Amino acid sequence: MRIDILTLFPEMFTGVFGSSILKQAQEKGLVTYQAIDFREFTTNKHRKVDDYPYGGGAGMVLTPQPIFDAVNHVTEQGGKKPRIVLLCPQGERFTQAKAEELSKEDHLVFLCGHYEGFDERVRTSLVTDEISIGDFVLTGGELAAMVVTDSITRLLPGVLGNENSAVTDSYSTGLLEHPHYTRPATFQGLAVPDVLLSGHHENIEKWRREESLRRTFKRRPDLLKGYALTKEEAAFIEQLKSETE
């Protein structure tokens with residue numbers, strides 16, 4: 001995969017791309033990142049990339065010319081039409097399902113906005129997706145681009161040491177993930193559940209499934225509305241409901 005990030009602050013991405021799983025993924029040749037300062041593409045002699053909005057109003061608006069030229073540049077480099085993602089508070093809320101969808105692309109371009117955002121012609125003529133990482137406003141799109149890039153990269157085949165790690169993550173199955181324990185079996189008087197020490201794989205899987213349902217029921221009951229429960233799972237949820245009444 002190729003990921004190009006168009007930003008006014010490419011230096012913000014140095015530590016993110018050069019650390020942890022994202023660094024390892026690039027070293028393995030599974031993904032390449034490029035943070036590009038779209039100011040370099042402006043034809044304005046003062047290197048301005050923003051201007052006052054028509055009709056008046058507070059703030060400045062990013063002009064279309066440098067963005068269009070920067071997108072054309074990375075498209076030519078990539079050799080095929082990329083998926084162009086605008087990070088903005090008006091976009092669809094980012095989910096694990098969206099991360100899985102984007103992880104199947106060969107080339108992604110992220111547009112990081114600032115000020116009052118982009119000239120609308122960027123949105124209507126270039127952008128294929130608009131994404132928000134939550135119902136709040138950031139100074140710019142850079143932090144959101146980092147979050148989305150991390151979420152997507154870890155799903156690429158070969159990136160994680162254990163391929164099942166991404167499959168069993170919270171939200172990947174439609175539920176929150178079950179609790180995890182490791183050595184020691186007892187710590188400060190707190191013991192690991194006996195079932196996990198039993199070696200009985202069927203019972204362990206049953207416990208994990210029920211704990212996943214329990215955690216989802218308590219913390220994110222909204223997720224259960226769109227989840228197809230088996231007969232056994234539905235009975236367990238009814239049991240949880242009776243315990244809370």
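Computation of the quantities below employed the complete heavy-atom set of this structure, encompassing side-chain atoms and omitting hydrogens, waters and symmetry-equivalent molecules. We're numbering straight along the sequence, starting at 1. Remember, predicted model here, so these are calculated numbers, not experimental data.
- With hydrogens and angles ignored, the 3.5 Å screen pairs no side-chain donor or acceptor of Y33 with any backbone N or O of V16.
- Atom-to-atom distance recorded for F41:CZ and I36:CD1 is 5.5 Å, nearest 0.5 angstrom.
- Remark: Y227 OH is packed, more than 12 non-hydrogen atoms of other residues, nucleotides or ligands lying under 6.0 Å away.
- Neither side chain, H178 nor E210, offers a donor N or O lying under 3.5 Å from an acceptor on the other.
- Between V85 and L111, every side-chain heavy-atom pair lies at or beyond the 4.5 Å cut-off.
- In terms of hydrophobic clustering, with Ile, Leu, Val, Met, Phe, Trp and Tyr side chains grouped at heavy-atom distances under 4.5 Å, F136 and V148 are assigned to a common cluster.
- Contact annotation: the side chain of F217 approaches that of T244 to within less than 4.5 Å [non-hydrogen atoms, C-beta and beyond].
- Put simply, the side chain of T124 gets close to the backbone of E120: a donor and an acceptor are under 3.5 Å apart.
- Between R214 and E211, at least one side-chain N (NZ, or NE/NH1/NH2) sits under 4.0 Å from a carboxylate O, which counts as a salt bridge.
- Taking CG of L102 as the reference point, atom CD1 of I131 lies at 5.0 Å (rounded to 0.5 Å).
- Between E232 and R209 no salt bridge is recorded (no basic side-chain N to carboxylate O distance below 4.0 Å).
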- Stepwise, does the side chain to side chain donor-acceptor pair (under 3.5 Å) test hold for Q65 with D69? CA-CA 6 Å; Q65 176 271 313; D69 287 358; 2.7 Å; yes
- Message: For a side-chain contact (heavy atoms from CB on, under 4.5 Å) check, start with the C-alpha distance between I5 and Q34, then their side-chain angles and the critical distance, and finish with the verdict.
- Response: CA-CA 6 Å; I5 299 176; Q34 189 174 208; over 6 Å; no
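- Panel note: side chain E142, backbone F13; no donor-acceptor pair is recorded below 3.5 Å.
- The shortest distance between side-chain heavy atoms of P193 and Y181 falls below 4.5 Å.
- Rounded to the nearest 0.5 Å, atoms CZ (R39) and OG1 (T7) are 10.0 Å apart.
- Side chain of K48 to backbone of N44: no donor-acceptor contact under 3.5 angstrom is found.
- Rounding to the nearest 0.5 Å gives a distance of 8.0 Å between CG of L108 and OG1 of T149.
- Proximity of a side-chain donor or acceptor of T186 to a complementary backbone N or O of G189 within less than 3.5 Å is not detected.
- A donor-acceptor pair shorter than 3.5 Å cannot be found between the side chains of D4 and H73.
- T216 contributes a side-chain N or O that, together with a main-chain N or O of L176, makes up a donor-acceptor pair within less than 3.5 Å.
- No side-chain heavy atom of P66 sits under 4.5 Å from any side-chain heavy atom of E40.
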- Item | Candidate pair T32 and I3, rule side-chain contact (heavy atoms from CB on, under 4.5 Å), full reasoning | CA-CA 6 Å; T32 59; I3 297 177; over 6 Å; no
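- Scanning all heavy atoms of the two residues, the minimum distance from R121 to P64 falls at NH2-CG, 4.2 Å.
- Side chain of R2 to backbone of V31: no donor-acceptor contact under 3.5 angstrom is found.
- V195 and L190 fall into different hydrophobic clusters, where Ile, Leu, Val, Met, Phe, Trp and Tyr are joined by side-chain heavy atoms under 4.5 Å apart, directly or via other members.
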- Message: Could you go through L86 and V122, starting from their C-alpha distance and side-chain angles, then the distance that decides it, and tell me whether this counts as side-chain contact (heavy atoms from CB on, under 4.5 Å)?
- Response: CA-CA 9 Å; L86 175 63; V122 171; 5.7 Å; no
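- Of all non-hydrogen atoms in V71 and T75, the two that sit nearest each other are O-OG1, 2.7 Å.
- Residue pairs meeting the side chain to side chain donor-acceptor pair (under 3.5 Å) criterion with at least one partner in residues 130-141, sequence neighbours excluded, are R93-D135, R123-E130.
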- Query: Between S125 and F68, does a side-chain contact (heavy atoms from CB on, under 4.5 Å) hold up when you go through it step by step?
  - Reply: CA-CA 9 Å; S125 298; F68 273 72; 3.8 Å; yes
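- For K28 (side chain) and G158 (main-chain N/O), a donor-acceptor pair under 3.5 Å exists by modelled atom type.
- Closest heavy-atom contact between I152 and A99: CG1-O, 4.0 Å.
- Between W207 and P179, the closest side-chain pair of non-hydrogen atoms falls below 4.5 Å.
- Proximity of I237 to L224: side-chain heavy atoms (C-beta onward) are separated by under 4.5 Å at one or more points.
- A distance of 9.0 Å separates OH of Y54 from CG of D119, quoted to the nearest 0.5 Å.
- In this structure, the side chains of L30 and M1 stay at 4.5 Å or more apart for every pair of heavy atoms.
- Taken together through direct or relayed side-chain contacts under 4.5 Å among Ile, Leu, Val, Met, Phe, Trp and Tyr, F236 and L229 form part of one hydrophobic cluster.
- Under the 4.0 Å criterion applied to side-chain N and carboxylate O atoms, D129 and R83 are assigned as salt-bridge partners.
- When all heavy atoms of E233 and L213 are compared, the closest pair comes out as CG-CD1, 3.7 Å.
- Taking 4.5 Å as the limit, every side-chain heavy atom of V61 sits out of range of all side-chain heavy atoms of F118.
- For T63 (side chain) and V49 (main-chain N/O), a donor-acceptor pair under 3.5 Å exists by modelled atom type.
- Listed by chain and residue number, nothing satisfies the ring-ring contact (aromatic ring centres under 6.0 Å, His included) test with H201 (two or more places apart in sequence, or in another chain).
- Shortest non-hydrogen contact noted between Q96 and S151 is OE1-OG, 4.2 Å.
- Between the side chain of S198 and the main chain of H200, a donor-acceptor pair closer than 3.5 Å is present.
- Dense packing is recorded around CG of D222, with more than 12 heavy atoms of other residues, nucleotides or ligands lying under 6.0 Å away.
- Of the inter-residue distances, the one linking H107 atom NE2 with I84 atom CD1 reads 8.5 Å to the nearest 0.5 angstrom.
- Across every non-hydrogen atom of G18 and K23, the tightest pair is O-CD, 3.2 Å.
- The environment of E202 atom CD is sparse: at most 12 non-hydrogen atoms of other residues, nucleotides or ligands sit within 6.0 angstrom.
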